[in-house]
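Beneath this line is the structure, given in structure tokens, with notes to follow.
Only this structure's heavy atoms are used, side chains among them; waters, hydrogens and symmetry mates stay out.
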2 protein chains.
Amino acid sequence: MATELFSTYSYLLDRTARKVKQYAQRRFNAENYDITVDQWIIIKRLNQNNDLNQTQLAEITGKDTPTLTRIIDILCKKGLTERRIHATDRRCFTVHLTELGTQTVAEWTPKMAEIRMKAWENLTEEDYINLKRILDTIYNNLDD
Amino acid sequence: MATELFSTYSYLLDRTARKVKQYAQRRFNAENYDITVDQWIIIKRLNQNNDLNQTQLAEITGKDTPTLTRIIDILCKKGLTERRIHATDRRCFTVHLTELGTQTVAEWTPKMAEIRMKAWENLTEEDYINLKRILDTIYNNLDD
DNA sequence: AGATATTTGTTGTCATACTAACAATATGTA
DNA sequence: TACATATTGTTAGTATGACAACAAATATCT
């Protein structure tokens with residue numbers, strides 16, 4: 001396969017990932033909702049798994065632990081999450097949604113689903129399956 | 001199409017884009033080559049179009065202008081590029097590779113091609129065509 | 001039990017993404 | 001010509017990503 005034919009995939013990946021994030025961010029901003037997309041990803045995940053420590057939460061959301069520490073700091077300041085001391089391991093915190101955090105996830109989940117649907121216009125389920133397969137393959141090719 | 005089926009594409013996009021960048025960065029680091037992937041993108045493009053102003057260069061590489069200003073600042077400090085005053089428009093600079101910049105692009109172009117090939121293992125030309133179509137569709141769906 | 005290694009979370013540093021605001025310059029128009 | 005508007009590049013502020021180094025706590029191993 002010719003090198004130049006696919007020499008641009010990394011550019012396409014990068015700009016598309018940024019566009020998706022940017023679009024969702026603008027929806028948040030448009031409703032004066034003071035949260036970032038990456039913060040959203042965390043609270044959305046906490047709504048499903050409300051008893052993870054920071055390392056687990058970082059792993060499952062694809063963040064590294066310093067990044068997660070800072071996002072959790074911000075979310076706690078905003079009153080959306082809280083750190084709780086782990087029962088048996090004093091190194092850990094488990095992270096939990098507050099009442100406000102739970103409300104926020106409930107309010108924004110349908111809006112985010114709508115945003116995702118918009119991105120997917122003119123594409124099929126087969127496209128999704130192919131996209132997932134291709135991206136997973138690239139990821140695994142480069143994984144240590 | 002079920003919402004939950006493709007609710008993860010933005011996560012896949014994001015983590016794959018980061019993995020690709022990270023992999024290339026580690027190759028640079030492993031050879032003690034003091035440059036970032038984003039800086040590479042700029043000098044690679046300058047090697048093809050050596051007479052663009054910053055706005056054009058930002059557009060063509062998918063950067064915004066503040067980001068480009070800083071990357072060019074760094075590249076100039078490293079002696080890889082230089083700003084030249086525009087002949088007729090005193091607001092502009094045109095950006096040019098130095099001799100060192102040209103050498104660097106020549107040296108690293110085959111290595112970067114090899115890195116890209118590695119990412120593409122187990123994938124076909126048809127996969128590339130589909131990936132490009134899907135990513136372009138998403139991009140356009142969300143474009144202003 | 002005690003030395004050593006690992007895990008967990010934090011902090012610091014640099015680079016990039018995005019937004020807003022700004023100065024200098026160019027352009028369009030009355 | 002004079003004024004309003006647009007363009008170009010820069011600076012500042014905030015958030016995130018990647019990496020390195022660190023302290024505290026825990027696990028492992030002899």
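Taking atom CD1 on B/Ile74 and atom C1' on C/dT13, their separation rounds to 13 Å, with Å as the unit. Protein atom NZ of B/Lys21 is 19 Å distant from nucleotide atom P of C/dC14, rounded to whole Å. Between B/His86 atom NE2 and C/dA26 atom P there is a gap of 10 Å when expressed in whole angstrom units. Rounding to whole angstrom units, CD of residue A/Gln56 and P of C/dT8 are separated by 8 Å. Atom CG in A/Leu52 sits roughly 13 Å away from atom P in C/dT8 (whole-Å rounding). Computed from coordinates, the B/Trp40 CH2 to C/dA15 P distance equals 19 Å when rounded to whole Å. Following rounding to the nearest Å, A/Phe28 (CZ) and C/dT19 (P) show an atom-to-atom distance of 14 Å.
For the OP1/OP2 pair of C/dT16 and a distance below 4.0 Å, the side-chain nitrogens and oxygens of B/Gln39 include at least one atom meeting the criterion. Look at A/Gln22 and you won't find any side-chain N or O under 4.0 angstrom from OP1 or OP2 of C/dA17. The side chain of B/Thr36 contributes an N or O atom lying less than 4.0 Å from OP1 or OP2 of C/dT16.
B/His96 places no side-chain N or O within 3.5 Å of a backbone atom of B/Glu82 that could act as its donor or acceptor partner. The backbone N or O of A/Leu80 sits less than 3.5 Å from a side-chain atom of A/Thr98, completing a donor-acceptor pair. When atom types are taken as modelled, the side chain of B/Glu107 and the backbone of B/Thr104 share no donor-acceptor pair closer than 3.5 angstrom. With A/Thr36 contributing its side chain and A/Gln39 its backbone, the two residues share a donor-acceptor pair below 3.5 Å.
Across all strands shown, A/Asn53 has heavy atoms under 4.0 Å from sugar-phosphate atoms exclusively, and none from any base. At the heavy-atom level, A/Thr65 lies under 4.0 Å from base atoms of the strands shown. Using a 4.0 Å heavy-atom criterion, one finds that B/Arg18 contacts the sugar-phosphate atoms exclusively. The residue A/Gln25 sits apart from the nucleic acid: no heavy atom pair falls under 4.0 Å. Among the atoms of the strands shown, none is found under 4.0 Å from any heavy atom of B/Asn29. Within the 4.0 angstrom heavy-atom criterion, base atoms lie near A/Asp64. Among the protein residues, B/Leu68 comes within range of no part of the nucleic acid, since none of its heavy atoms lies under 4.0 Å from any strand. Contact annotation for A/Thr88: backbone-only contact, meaning every heavy-atom pair under 4.0 Å involves sugar-phosphate atoms and none involves a base. Counting non-hydrogen atoms under 4.0 angstrom, A/Arg26 reaches the backbone sugars and phosphates but no base.
Judged by distance alone with a 3.5 Å cut-off, no donor-acceptor contact links the side chain of A/Arg70 to the base of C/dG9.
The pair B/Asp14-B/Arg18 counts as a salt bridge, with a side-chain nitrogen and a carboxylate oxygen less than 4.0 angstrom apart.
Along DNA chain D, the stretch of nucleotides lying under 4.0 Å from any heavy atom of chain A spans, 5' to 3', D/dA15 to D/dT26.
Set against C/dT7, C/dT19, C/dG9, the side chain of A/Thr69 has C/dG9 as its closest nucleotide.
B/Asn130 and B/Arg133 share a side-chain donor-acceptor pair at under 3.5 Å.
Between the OG1 atom of B/Thr61 and the CD1 atom of B/Ile43 there is a distance of 12.5 Å, given to the nearest 0.5 Å.
Toward the 5′ end of DNA chain D lies the nearest nucleotide of B/Asp73, the other residue of the pair B/Asp73 and A/Arg90 mapping further downstream. Take the nearest nucleotide of DNA chain C for A/Cys92 and for A/Asp14: the residue whose nucleotide is more 5' is A/Cys92.
Aromatic ring orientation, B/Tyr128 versus B/Trp120: perpendicular (interplanar angle above 60°, classes split at 30° and 60°).
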